[in-house]
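Throughout, residue positions are numbered sequentially from 1 according to the sequence presented.
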Amino acid sequence: MKSQSNISLIIKRIHKISKQYKNELVNKTFLILYEGKAVEITYRIDNFLHLCGVETNLTAKDFYRRAVHSKLSCKEIQFTQKHPYNLAEIKTKHLSKALSLINRDAFVVSDITTQTKSFILGTTDLEIVLCFDLQINKSGKIISPILIPYSLRVEDIPNNKFSNMYEVDYVLSKETGTKHYMNIEYGNPNLLTSYLEKYSISDYSINITNL
């Protein structure tokens, strides 16, 4: 059984990461451009719990809200065979870095296969992989074509488990629910117009005002 100090360390990390999640990711939709391809991703508040690798009796939304306000307690965190302490320790140690991948040099990997699940896409720095997939309801129906984060993989995933690997060229962002992508999170702003023309990327409303 893990000591209270072990659990407190996990909670301290979760509190800190939740604020990064809230300030940098929540209520934003991101457009990742790579090799002339484009994919949209978003981070919902109810995705945060799963990324932390712990179990709780709280709902995913309540877990997130309590984390943001630094109010999680040891009695609200559990570890099981499915979500062991060791895995949560690793995930919370690396999660902040994984969430920042959209703001720096990174790679996109497609069609990721693990022992338990396959994912459409992942972002990676070759040490960690944040896996994304479609939003699907309980009946298996696709809710939205915009991908959401499902899993943080810190353990080694062989290259043959990836279909392809690409350098990220640009990451653009907008407020979720709005029409225009108006911010450049990553990439050379001076070359964006020529990049969009080169690959005929016109399915998204991109309106960067400071180009």
Side-chain angles (χ1 to χ4, degrees), residues 17-53 56 58-65 67-68 91 95 98-103 106-114 116-124 128-153 157 161-166 168-187 192 195-196 199-208:
I17 297 165
S18 69
K19 293 170 180 60
Q20 176 189 358
Y21 195 85
K22 175 179 183 291
N23 294 333
E24 299 178 12
L25 304 173
V26 171
N27 294 325
K28 288 185 178 181
T29 301
F30 298 89
L31 180 65
I32 299 178
L33 304 176
Y34 59 98
E35 293 288 322
K37 300 178 175 65
V39 63
E40 290 180 293
I41 63 173
T42 193
Y43 297 77
R44 305 183 315 193
I45 63 174
D46 50 351
N47 299 137
F48 181 73
L49 168 59
H50 188 65
L51 296 177
C52 294
T56 179
L58 298 170
T59 66
K61 290 183 179 180
D62 283 342
F63 177 89
Y64 168 79
R65 292 181 181 123
V68 167
K91 284 191 172 186
L95 183 53
L99 296 178
S100 69
L101 285 174
I102 59 172
N103 296 318
F107 296 89
V108 163
V109 289
S110 62
D111 302 320
I112 304 166
T113 302
T114 70
T116 56
K117 184 174 169 56
S118 295
F119 302 94
I120 290 177
L121 196 82
T123 54
T124 182
I128 52 178
V129 183
L130 189 58
C131 303
F132 296 84
D133 215 330
L134 290 167
Q135 305 177 55
I136 299 174
N137 63 20
K138 292 181 180 179
S139 62
K141 183 179 179 180
I142 296 174
I143 300 172
S144 168
I146 300 175
L147 305 184
I148 58 173
Y150 270 89
S151 180
L152 171 61
R153 314 295 296 196
I157 302 177
K161 298 298 184 182
F162 302 148
S163 175
N164 291 290
M165 181 179 291
Y166 311 91
V168 173
D169 297 315
Y170 286 93
V171 179
L172 311 181
S173 70
K174 66 177 182 178
E175 294 297 315
T176 297
T178 62
K179 182 178 180 180
H180 303 295
Y181 282 96
M182 301 184 68
N183 303 295
I184 300 178
E185 303 286 341
Y186 175 80
L192 178 59
Y195 182 91
L196 297 174
Y199 292 106
S200 301
I201 298 173
S202 58
D203 292 339
Y204 306 92
S205 180
I206 298 172
N207 185 20
I208 311 297

Under 6.0 Å from the NZ atom of Lys61, do we count more than 12 heavy atoms belonging to anything else shown?
-> no

Atom NZ of Lys22: over 12 foreign heavy atoms under 6.0 Å |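 It does not: Lys22 NZ has 12 such atoms or fewer within range.
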
On a heavy-atom basis, which atom in [X] and which in [Y] lie closest, and how many Å separate them?
X	Y	value
Phe132	Gly122	CD1-CA, 4.4 Å
Asn27	Glu175	O-OE1, 3.3 Å
Phe119	Cys131	CG-CB, 3.5 Å
Ile112	Val129	CD1-CG1, 3.9 Å
Tyr150	Gln135	OH-CA, 4.1 Å
Leu95	Leu152	CA-CD2, 3.8 Å

Distance, nearest 0.5 Å, that separates [atom1] of [X] from [atom2] of [Y]:
X	Y	atom1	atom2	value
Ile136	Ile143	CD1	CD1	8.0 Å
Asp133	Leu121	CG	CG	9.5 Å
Arg44	Tyr64	CZ	OH	13.5 Å
Ser110	Met165	OG	CE	9.5 Å
Ser151	Lys117	OG	NZ	9.5 Å
Ile41	Ser173	CD1	OG	10.5 Å

What pairs with Glu185 under salt bridge (charged side-chain N to carboxylate O under 4.0 Å, His left out), at least two apart in sequence or on another chain?
->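 Partners of Glu185 under the salt bridge (charged side-chain N to carboxylate O under 4.0 Å, His left out) test: Lys28.
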
For the pair Phe30 and Leu25, evaluate side chain to side chain contact (heavy atoms under 4.5 Å, CB included) and give the outcome as yes or no after the intermediate values.
-> CA-CA 9 Å; Phe30 298 89; Leu25 304 173; 3.8 Å; yes

Under a 4.5 Å cut-off applied to non-hydrogen side-chain atoms, are [X] and [Y] in contact?
X	Y	value
Ile184	Leu192	yes
Leu49	Phe63	yes
Leu31	Ile206	yes
Ile32	Val108	yes
Leu51	Tyr21	yes
Leu101	Phe107	no

Under the ring-ring contact (aromatic ring centres under 6.0 Å, His included) test, which residues partner Tyr195, sequence neighbours left out?
->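 For Tyr195, the residues satisfying ring-ring contact (aromatic ring centres under 6.0 Å, His included) (neighbours in sequence not counted) are Tyr170, Tyr199.
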
Check whether the side chains of Tyr181 and Glu40 place a donor and an acceptor atom closer than 3.5 Å, and report yes or no.
-> yes

Would you please say whether a donor-acceptor pair under 3.5 Å links the side chains of Thr59 and Asp62?
-> yes

Yes or no on side chain to side chain contact (heavy atoms under 4.5 Å, CB included) for Leu99 and Leu130, after CA distance, side-chain angles and deciding distance?
-> CA-CA 8 Å; Leu99 296 178; Leu130 189 58; 4.3 Å; yes

Quick one: sort the Tyr34 and Tyr166 rings into parallel, tilted or perpendicular, breaks at 30° and 60°.
->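 Answer is tilted, since the angle falls between 30° and 60°.
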
Exam field: side chain Lys19 to backbone Val68, donor-acceptor pair closer than 3.5 Å | yes

How far apart are the C-alpha atoms of Leu172 and Tyr186, what are their side-chain angles, what is the distance that settles it, and do they pass the side chain to side chain contact (heavy atoms under 4.5 Å, CB included) test?
-> CA-CA 7 Å; Leu172 311 181; Tyr186 175 80; over 6 Å; no

Considering the options Ile142, Ile146, Ile148, Leu147, which one meets the side-chain contact (heavy atoms from CB on, under 4.5 Å) requirement together with Ser144?
->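 Option passing the side-chain contact (heavy atoms from CB on, under 4.5 Å) with Ser144: Ile146.
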
